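These notes are about the structure you will find just below.
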There are 2 protein chains.
Amino acid sequence: MRREFKKKSKVLLIDDNYEHLVGIRELLNLEGTFDVVGIATNVSVGLNLIKKYQPDIVLLDMNMPDKDGLQGIIEISKLDLGTKVLALSGYDDADLIFRAMKIGAKGYVLKTMASAQLIYAIEEVLNGKIYLPLALSSRFFEYFQQSFREENAKQETEEENLLSYLTQREEEVLELLTQGITYKGVASKLFISETTVKTHVNNIFQKLQVNDRTQAVLYAINNGFLSKKIKLSA
Amino acid sequence: MRREFKKKSKVLLIDDNYEHLVGIRELLNLEGTFDVVGIATNVSVGLNLIKKYQPDIVLLDMNMPDKDGLQGIIEISKLDLGTKVLALSGYDDADLIFRAMKIGAKGYVLKTMASAQLIYAIEEVLNGKIYLPLALSSRFFEYFQQSFREENAKQETEEENLLSYLTQREEEVLELLTQGITYKGVASKLFISETTVKTHVNNIFQKLQVNDRTQAVLYAINNGFLSKKIKLSA
DNA sequence: AAAGATATAGACCACATGGTCTACAAAATA
DNA sequence: TATTTTGTAGACCATGTGGTCTATATCTTT
């Protein structure tokens, strides 16, 4: 794509392994389309270099001693310079990949991967895309689905325990309670008397085995009472 | 991998477009390693066929009129037969991809993709992997990161608005309130008089601009009062 | 030293909330 | 048809909750 006419992209490297650091710099220099504007063996120094040189992309090692890589991503994004972060790691740890992507890494590449793949990843990220190699995205999704499975399993068991005993009307009342509405308010919203509301509320307490509205609301929230509706959209 | 000695994998197709349905069946039959045990043009019929033939994998169209694809995935997994679901769709809608993967689809393939890619996706899923083409995983991650960015932005602004005005002691009191503890209980936990608790609570109400404990608790929960601690781990 | 913020706490009052008991009509179920 | 469940509602009472005002001791900040 006529890259010869384009300005070289500024790259910054952060890795506590100096050998590796120099190796990548050589690789990128040989490639010719990148300008390695700085290298650092820890996050603190790296942050200063980023402020100074404003690179387009930072290759950030995830497995470093003191300030770890995740914290690094957060601090880089806090600088608010639009710097893209490509995470580098020696391990395909699902949790680490998940958390890195969650806090905004534009990609995640293993150090063991072929250099061509690294170059490709950098280019994709520079073009505004998010790049996660198939092997890693696969890991990511296993972890991702696992976390939801657990969440659902938990909710389903507890849901069947207590919330499912509520009648429709009681659910309506509880829903209004979870909005912080007073008995009088509930009564007028449902066109019933305040006494009736109290009766329902008392029955709800019995069924949920709680003593007051606050506990009932907390129970409802913690056991997916509301999330039924929001669940799929978020 | 010596597939000629292996039993053919049982595949079931669900798509409201009959032409497409037959097309895929032909494709898979030609391939020779698959056994298309059934086809259906809607989810209800599909579910019955799944119960009867117990396929290894179901190719499920996401864009169907009545019961939509997402609901289909949920119901298939409820059968608890270990059936894998590969989602098919005409559009690379980020929200749909996200939701499908969230509820447990093992993959998502566009109808416009080359048939070789479909075959590959099926094989990967049959081998227990999750397969999302690069183009779609890219879409997924944009959406994924976007949702967290919004969540963080929302929390940070509102947090600074009201919750940050609370003093330390007030935060302690509020935290106990979010556990559904009564004033008397809070008093004894903090070794102060009930009156003092009331004073704190009243100040909290003022600062959070709410009228009662339930609303205060709801405000606290919705504005990341508790999530500060759990944030990065989940 | 003075001013402000914070944590403490009492008094008084109005009203909301929760507990218990009874009662009745409609609907669902046995 | 008889029984149970559900939704409705009244009465009565105890206690929890919230509003307002005042007051004091610390601790910070100016």
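Throughout, protein chains are lettered first and strands after them, A, B, ... in sequence-line order, and every chain is numbered starting at 1. All values derive from a computational prediction rather than experimental measurement.
- Ring geometry for A:Phe144 versus A:Phe98: interplanar angle of 30 to 60°, hence tilted.
- For B:Tyr219 and B:Phe205, the distance between ring centers is not under 6.0 angstrom.
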Under 3.5 Å, which N/O atoms of the protein pair with N/O atoms of nucleotides 4-11 of chain C?
| unit_1 | atom_1 | unit_2 | atom_2 | d |
| --- | --- | --- | --- | --- |
| C:dA7 | OP1 | B:Arg169 | N | 3.3 |
| C:dA7 | OP2 | B:Thr167 | OG1 | 2.6 |
| C:dT8 | OP1 | B:Arg169 | NE | 3.2 |
| C:dT8 | OP1 | B:Arg169 | NH2 | 2.8 |
| C:dT8 | OP2 | B:Arg169 | NE | 3.0 |
| C:dT8 | OP2 | B:His200 | NE2 | 2.8 |
| C:dA9 | OP2 | B:Ser193 | N | 2.6 |
| C:dA9 | OP2 | B:Thr196 | OG1 | 2.8 |
| C:dA9 | O5' | B:Thr196 | OG1 | 3.3 |
| C:dA9 | N7 | B:Thr199 | OG1 | 3.4 |
| C:dG10 | OP2 | B:Thr195 | OG1 | 3.3 |

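- Within the 3.5 Å criterion, the main-chain N or O of A:Gly185 finds no donor-acceptor partner in the side chain of A:Thr182.
- B:Ser89 and B:Asn63 form a side-chain donor-acceptor contact under 3.5 Å, judged by distance and modelled atom types alone.
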Verdict with reasoning, B:Asp35 to B:Lys10, per salt bridge (Lys or Arg N to Asp or Glu O under 4.0 Å): CA-CA 5 Å; B:Asp35 181 12; B:Lys10 287 186 284 181; over 6 Å; no
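- What separates CG of A:Asp212 from C1' of D:dG16 is a distance of 9 Å, to the nearest Å.
- Within a 6.0 Å radius of NZ in B:Lys129, no more than 12 heavy atoms belonging to other residues, nucleotides or ligands are found.
- Following rounding to the nearest Å, A:Ile204 (CD1) and C:dG19 (P) show an atom-to-atom distance of 12 Å.
- The interatomic distance linking A:Leu174 (CG) with D:dT6 (P) rounds to 16 Å, in whole Å.
- We find that CD1 of A:Ile181 is positioned 15 Å from P of C:dA16, with the value rounded to whole Å.
- B:Asn211 places its CG atom 7 Å from the P atom of D:dG19, with the value rounded to the nearest Å.
- Taking atom CZ of B:Phe205 as the reference point, atom P of D:dG19 lies 7 Å away to the nearest angstrom.
- Rounded to whole Å, the distance from CG on A:Leu166 to P on D:dT6 is 10 Å.
- One atom, CG of A:Asn202, and another, P of C:dC21, lie 11 Å apart when rounded to the nearest Å.
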